[in-house]
Amino acid sequence: MVEYTSTEMMAVCGAHAVKDGERVFAGTGLPVLGAMLAKVTHAPNAIIIYEGGNVDTQNKDLALSVADSRLGYRAAASIGLIETLGFLMMGGKVDVGFLGAAQIDEFGNINTSYIGDFDAPKVRLPGSGGGNDIASSAGRIILMFTHDARKFVKKLDYLTSPGHLSGPGSREKLGLIGGGPSLVVTDKCQMDFDPDSKRIRLKSVHPGVTVDWVKENVMFDLSIGKDVPITAEPTKHELEKLRGLDPQGIYLAKGQK
Amino acid sequence: MVEYTSTEMMAVCGAHAVKDGERVFAGTGLPVLGAMLAKVTHAPNAIIIYEGGNVDTQNKDLALSVADSRLGYRAAASIGLIETLGFLMMGGKVDVGFLGAAQIDEFGNINTSYIGDFDAPKVRLPGSGGGNDIASSAGRIILMFTHDARKFVKKLDYLTSPGHLSGPGSREKLGLIGGGPSLVVTDKCQMDFDPDSKRIRLKSVHPGVTVDWVKENVMFDLSIGKDVPITAEPTKHELEKLRGLDPQGIYLAKGQK
Amino acid sequence: MIEPTVEDKRITLEEAVKKVHDGAHIAWGGFGYQRPPEAFAMELIRQKKRNLRIYTCGSEHDLDILTGAEVCLEYEVAFFAIEALGLAPNLRRRIKEGKVKFEDYSNLAMALRFLGGALNVPFMPIRHMIGSDMLEKTQLRKDKAKVIDCPFTGNPVVLLPSVQADFGVICAQKADMQGNVQLYGIKGEDNEIVRGSKTTIVCAEEIISNEEIRRAPDLTAIPGLYVDYVVEVPFGSWPMQVYGLYDYDLPHLQMYMQMCKTEEGWQEYMNEWILDVGNHKGLLKKIGAKRLKELRADPEFGY
Amino acid sequence: MIEPTVEDKRITLEEAVKKVHDGAHIAWGGFGYQRPPEAFAMELIRQKKRNLRIYTCGSEHDLDILTGAEVCLEYEVAFFAIEALGLAPNLRRRIKEGKVKFEDYSNLAMALRFLGGALNVPFMPIRHMIGSDMLEKTQLRKDKAKVIDCPFTGNPVVLLPSVQADFGVICAQKADMQGNVQLYGIKGEDNEIVRGSKTTIVCAEEIISNEEIRRAPDLTAIPGLYVDYVVEVPFGSWPMQVYGLYDYDLPHLQMYMQMCKTEEGWQEYMNEWILDVGNHKGLLKKIGAKRLKELRADPEFGY
């Protein structure tokens, strides 16, 4: 049996969600590990774009920032934000965007701005950054964050980036061209969205996690099917490749075994 | 006495209208000769910009086109139209623009598009090109063309580029940031605009040209002062420099002695 | 540690032009004498395309031959003439015949319309064109431009409809087979055209390796992500010029101006220089290696 | 045949910062870890500037020290944190104290606001931000954004007010004394910031000759026409990075995160690393030649 951490599991789930030849917009951290892993395993023709301006990158070393010089190494082009978030993203030329979240609601709407009251917030989070842009226009969105009940809320403290808003048709009405969230990856489970109701639902639980645990750790009614499968474990080949991408354990060191 | 052609006279008048340190937007032909002449005589710090994308040029050879490769030689930057006509021109960063015209009216409005009826024109002229952009936003406009009565019309067949429109205040009302036409140079005379009425008026006649001749060769009532001076002749130094700029006589060969 | 994979988007000029359907709208690259898609225009004529509509800032000999051959008779443009040499002779005749329709914009207006298309927003604001007849007089579009009161300042602002043409066609000095493009010298409106068009075709003077692209990402004007097809076409802008590579063929242009004074002269020109040569290779053979060598740029000057 | 003349726009960092008046609005260059105006921020602190408002897409340590020192407490931004390391510690405290006000936009929204400023149009359209709380919730502006029905399509479009700040401040790898700028690696929103600001200051790692600029016009990202002042500041983005020249100083950033957990720790950091060193030269001396050498980029990789 292979040994792996919860963080490695997340990265591998992220990688599986990328198809060969897709254009992928990845933030730093786990998303880029997932996208890079896809590229060295089943999706060699995936094209990775970073919002700072590096396009179609082949970086050798892992980056701390979406603007990291490491991402300029062997990039096809080094341009700017109007290029990446404007011409490419708003132009409808990106298939998949990876995002994190501090809170999401049952329609996959995202808060990365404020915890508490807007006028006297308990915590000011990083803000939208390119998140709202990516959530608005990427073909589909993959959300990745560690599982915590307080993140799955009935009502967001602040809606930074649009998920499926109030349900079917609401994105289209506002002219948003992206497809919205399609997958949520945590260290405990994967969730997707019902194509009809656009509501989040449990897709699979990671080995060792129960459906009940997930149910208890989501603050809204989670749609759960009869037979929830267990997430496939990372293969030995995937783990080797993944660890090769982060030999110093910058991101991978964080997970639990 | 120095010998010079009517075309040389026009180029020198154009040069005199450029002050040192100004940012000059020049079309090909006489305007660029005028701007270049200014730069090698009294205005060494004039900065010349061509709409194709070359900025702050120091070209060695004369260009046929505003996009001519010759203009790229030792340019400070080679960019594009959004740069030159957008960021620089509409951005309000250009002091002087040179334009030609097929027709102008008494407020200096310009036609470079159609002669005759718009729906069945006798002649389709080149169109606006960057003319409308330059006329809208340059600090002031210098118009240069050979004198022909049919060019000074009471009513334009088509208004391509705004002069002073219908008089004082009409540019401001539309939000145009440029100052509009300030000088007209022909091979017969110079005209400027009354600061109060914004109407064209005779400024000087070139040596050998009478005020009456000009009056007869303008199809509207031209404002003429009591004592119309005679345009100063080009100096020997100016002519030497000018001929050095166009040694093959590409533009200068056209004028009459 | 990531294996490079390079998609091959190269096709021939004939194949590229075959993709353009009759009635297609084309955003047309190059500016004035610089990098116009001349070889592409000539192949459009050979393949007898019809009813095209072309969007561009300003173009010259290339558009005039398309007008003469009646390949394209609808233009949304800012400038149409042969700079320094005179009015476009075929256009002049076709206008008299009542065959050509124009939608006139300024150069900046066209460039902003391409920028709006690239950004995928429906319009772009401009402070120009207002006060001119261009706003009101229209031949092709119901929605040429709209003037609104700015919701921030209260002042009038002109909104221009963005352009997302069926095809975007440009010429470039260098591209790799994946469509990463290096442009040298002025860029005109080509960067915006490629980013905003539905299908994009790059005619490259030279195909370079993906390695060469990746060694200098700062030189990539257009990432391959925007490019559908790459066509290797040396001297693809002849008789016009390409900065750094070759100069315009002034005697040829002067001959063109002379011949096209009459319809017969134009027909003769078209037969001799476009149809009878068969294809672009045949054209280069007709021009002759000696003449092409004379036109080659001095690397120090770029022309 | 035309004599080159080169205006000298160079001033010292102290002089440049002196030009910034209390209450000034500044468009702030750099993006994330890349080319932020760190030395400029530190000098703003030394000169005890107050009541600034900063406009930028995303910035990190530089904004956090300005917030800690209460030089700037008003931000129109998209992102404010220390990527990969955590939330911005001084910001966190100042927010709790109720001292900071934000106007939140997305990254593209801020970049387009700068583009609108550069084009000198009052607004820019965007298809993003709609449906989010960013449109409605506001702390600084009455006119944060407007939603109109597109006069061409009938669909809703968000209009963003353009930014033309009093000052635009960026860091660059190379500039000549006339202000012609070469940028290497990602450009973030710097090109737009410089073109749209009323007074612009470029902090250049290296001053190169006008000759070098004119030998490669294709490499000029920003013509000197837009630039008012040029300041030579080697390691001007330390402890962040400049592509091609030096890497970020990760241990320093980690120490910063640690120290700034408390107000006392921040005060200590400010005294030690910003005030007591006296000026940028003093800072470089404190960091030490050995450490600076370690941070120098490998030319093959750029970091």
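Just so we're on the same page: letters track the sequence lines, and every chain starts at 1. Just so it is clear, the structure is predicted and the values come from calculations on it, not from any experiment.
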Rounding to 0.5 Å, atoms CZ (D:Phe123) and SG (C:Cys150) come to a distance of 5.5 Å
Non-hydrogen atoms of chain D under 4.5 Å away: do they reach the side chain of C:Leu183, the backbone, both or neither?
backbone
Specify the closest pair of heavy atoms between C:Val233 and C:Ala39, including all atoms of both residues, with the distance to one decimal.
CG1-CB, 3.6 Å
Looking only at heavy atoms, the pair that brings D:Val147 and D:Pro156 closest together is CG1-CB, 4.0 Å
I need the residue from D:Gly185, D:Ala221, D:Gly116 with the largest number of non-hydrogen atom pairs under 4.5 Å to chain C.
D:Gly185
Can you pull every donor-acceptor pair closer than 3.5 Å across chain D and chain C?
residue, atom, partner, partner atom, Å
D:Asn120, O, C:Arg127, NH1, 2.9
D:Arg127, NH1, C:Asn120, O, 2.9
D:Gly185, N, C:Asp218, OD1, 2.9
D:Gly185, N, C:Asp218, OD2, 3.2
D:Lys187, NZ, C:Asp218, OD1, 2.5
D:Asp218, OD1, C:Gly185, N, 2.9
D:Asp218, OD1, C:Lys187, NZ, 2.6
D:Asp218, OD2, C:Gly185, N, 3.3

Does the side chain of C:Leu159 reach to within under 4.5 Å of the side chain of D:Pro151, using non-hydrogen atoms?
yes
Under 4.5 Å from any heavy atom of chain D, what part of C:Ile126 do you find: side chain, backbone, both or neither?
backbone
Closest heavy-atom pair and its distance - D:Ala172, D:Val181:
CB-CG1, 3.5 Å
Which bit of D:Leu219 comes within less than 4.5 Å of chain C, counting heavy atoms only: side chain, backbone, both or neither?
side chain
Looking only at non-hydrogen atoms, find the nearest pair between D:Pro37 and D:Gly29 and report the distance.
CD-O, 3.3 Å
Where is the tightest heavy-atom contact between D:Phe31 and D:Gly188, given as atom of each residue plus distance?
CB-CA, 4.2 Å
How many angstroms lie between atom CD1 of C:Ile130 and atom CG of C:Leu135, to the nearest 0.5 angstrom?
6.5 Å
